[in-house]
Structures are given as structure tokens and as C-alpha cells.
Amino acid sequence: MTQGNRKARRAWAAARKRHIRPGHVYIAEIQHDPDCMIYSTERTCTCNPTRILKDDRGRELARVENAGFYDPLEMAEVMP
Ligand SMILES: [Zn+2]
């Protein structure tokens with residue numbers, strides 16, 4: 001069971017807030033473990049992925065590790 005680090009989760013939230021703006025293109029790269037259940041029919045993250053936010057040129061804006069399970073809603077909330 002991986003809850004991740006509260007500080008890391010806050011860092012990820014802050015990075016999204018800072019970099020993601022309506023009308024701007026960004027890429028969220030979530031690096032799951034190969035054995036994560038996100039790749040199963042359940043589509044539920046059971047690992048502790050590294051989250052990377054990139055701009056439309058592929059430049060890294062933020063990288064957060066150890067923020068716990070990935071929840072797709074964590075990106076949906078910032079969509080314009
Ligand atoms: Zn995962």
C-alpha cells in the first residue's frame with residue numbers, strides 16, 4: 001500500500017496550478033511501474049508513479065516523485 005508522501009502530493013498540485021493554464025498545451029507524463037494495475041482491465045493505479053509535467057515542446061516543467069497512487073481526476077480538475 002502506497003499513500004505516497006504528502007509533501008510530494010502538494011508539490012505536484014502546486015506544479016499543476018503554476019504551469020497549467022487554459023489555452024496552453026501541456027503534457028502530463030505519468031511513469032507507472034510495469035506491473036501497475038493501470039495496465040490491467042481494472043485501470044487502477046497501484047504503484048507510486050513519477051509524475052512529469054512538460055510543455056508542448058517536451059521541456060520538463062516539473063517532476064514529482066513519491067506522490068502515491070495516480071488518480072486520473074488529479075489531472076481532470078485542472079483541465080480548462
Ligand atoms: Zn501506477
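In this chain, numbering begins with 1 at the start of the sequence shown. Read the numbers this way: they start at 1 and go in the same order the structure lists the ligands and their atoms.
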Enquirer: Once you round to the nearest 0.5 Å, how far does SG of Cys45 lie from CD1 of Ile30?
Expert: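 Output value for this atom pair is 8.5 Å.
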Enquirer: Just by distance, do the side chain of Asn5 and the backbone of Ala8 share a donor-acceptor pair under 3.5 Å?
Expert: yes
Enquirer: Given side chains that start at C-beta, do those of Lys54 and Arg59 come closer than 4.5 Å, heavy atoms only?
Expert: no
Enquirer: Could you check whether His32 and Tyr70 have their ring centres less than 6.0 Å apart?
Expert: yes
Enquirer: Distances under 2.8 Å only: what protein N/O/S atoms are near the Zn ion (ligand 1), ordered by chain and residue?
Expert: His32 ND1, Cys36 SG, Cys45 SG, Cys47 SG
Enquirer: Is any NZ, NE, NH1 or NH2 atom of the basic residue among Glu65 and Arg51 found under 4.0 Å from an Asp or Glu carboxylate oxygen of the other?
Expert: no
Enquirer: Supply the atom-to-atom distance His19 NE2 to Leu61 CG, rounded to the nearest 0.5 angstrom.
Expert: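 The CG atom of Leu61 is 5.0 Å from NE2 of His19, to the nearest 0.5 Å.
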